[in-house]
Engineer: 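Next up is a structure, given as structure tokens.
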Amino acid sequence: MADSWPTTPDCTDAKAFLAAAGLRTVRTEPHDRAMLRMIDQIEAGLNLLRMTAPARLTMAGIDLDAAPAVLWAARTAVADGVLGYALLVAVREGSRSG
């Protein structure tokens, strides 16, 4: 399953969703640092394109002036626990897990 939704730091919402589908969560791994690295990579990519292909960005309608505020908001959301990334491993009840 891959999805995105607001969640709690302990992934209670995602665990409840899986439980409703008859699955028991056996492992939860938070990876918020991966989200921060992804934001950093987006920023680096935009900076590279700003230097090498500004006309193409303009033609694509990308507002580079808005990027710093959006990137800051994304980093703040990760720091505040509003935006995160996690891996959950679940098994169907009654199945062997390993």
Side-chain angles (χ1 to χ4, degrees):
M1 174 184 87
D3 203 349
S4 174
W5 60 70
T7 189
T8 57
D10 63 353
C11 300
T12 302
D13 298 342
K15 290 177 184 177
F17 178 81
L18 294 169
L23 302 170
R24 181 174 52 89
T25 302
V26 295
R27 184 175 178 96
T28 304
E29 296 178 8
H31 291 285
D32 291 347
R33 291 180 60 99
M35 179 69 71
L36 291 171
R37 283 192 304 274
M38 183 173 61
I39 294 166
D40 290 343
Q41 290 170 347
I42 291 167
E43 182 177 38
L46 288 173
N47 287 335
L48 177 65
L49 290 170
R50 180 190 314 260
M51 292 183 291
T52 61
R56 290 177 70 187
L57 289 172
T58 301
M59 287 181 5
I62 296 173
D63 182 2
L64 287 175
D65 293 332
V70 173
L71 293 166
W72 177 85
R75 285 188 181 100
T76 300
V78 173
D80 291 347
V82 175
L83 182 63
Y85 188 72
L87 168 71
L88 283 79
V89 178
V91 296
R92 184 163 307 281
E93 287 295 334
S95 69
R96 294 184 183 170
S97 61

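As the structure is a computational prediction, the values presented were derived from the model and not from experiment.
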Engineer: With rounding to the nearest 0.5 angstrom, report the NE2 to CE distance, His31 to Met38.
Structural biologist: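 Result: 13.5 Å between the selected atoms.
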Engineer: Could you work out, with salt bridge (charged side-chain N to carboxylate O under 4.0 Å, His left out) as the rule, every residue matching Arg33, not counting sequence neighbours?
Structural biologist: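 Arg33 satisfies salt bridge (charged side-chain N to carboxylate O under 4.0 Å, His left out) with no other residue.
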Engineer: Supply the atom-to-atom distance Thr76 OG1 to Ile39 CD1, rounded to the nearest 0.5 angstrom.
Structural biologist: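 One gets 9.0 Å once the value is rounded to the nearest 0.5 Å.
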Engineer: Per the salt bridge (Lys or Arg N to Asp or Glu O under 4.0 Å) rule, what does the pair list look like for residues 71-86, sequence neighbours excluded?
Structural biologist: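 Every salt bridge (Lys or Arg N to Asp or Glu O under 4.0 Å) pair that includes a residue of residues 71-86, provided the two are not neighbours, is Asp40-Arg75, Glu43-Arg75.
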Engineer: Looking only at heavy atoms, which two atoms of Val26 and Val91 are closest? And how far apart?
Structural biologist: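 Heavy-atom minimum between the residues: CG1-CG2, 3.8 Å.
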Engineer: Supply the atom-to-atom distance Asp13 CG to Lys15 NZ, rounded to the nearest 0.5 angstrom.
Structural biologist: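 Result: 11.0 Å between the selected atoms.
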Engineer: Working to the nearest 0.5 angstrom, can you tell me the gap between Leu36 CG and Gln41 CD?
Structural biologist: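 Going from the CG atom of Leu36 to the CD atom of Gln41 covers 11.0 Å.
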Engineer: How long is the span from the CZ atom in Arg27 to the OG1 atom in Thr25, to the nearest 0.5 Å?
Structural biologist: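 Atom-to-atom, Arg27:CZ and Thr25:OG1 are 12.5 Å apart.
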Engineer: Heavy atoms only: give me the nearest Ala86-Cys11 pair and the separation to one decimal.
Structural biologist: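 Closest heavy-atom pair between Ala86 and Cys11: CB-SG, 3.8 Å.
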Engineer: Name every donor-acceptor pair, under 3.5 Å, that has one atom in a side chain of residues 62-73 and the other anywhere in the protein, sequence neighbours excluded.
Structural biologist:
{"unit_1": "Asp63", "atom_1": "OD1", "unit_2": "Asp65", "atom_2": "N", "d": "3.1"}
{"unit_1": "Asp63", "atom_1": "OD1", "unit_2": "Ala66", "atom_2": "N", "d": "3.4"}

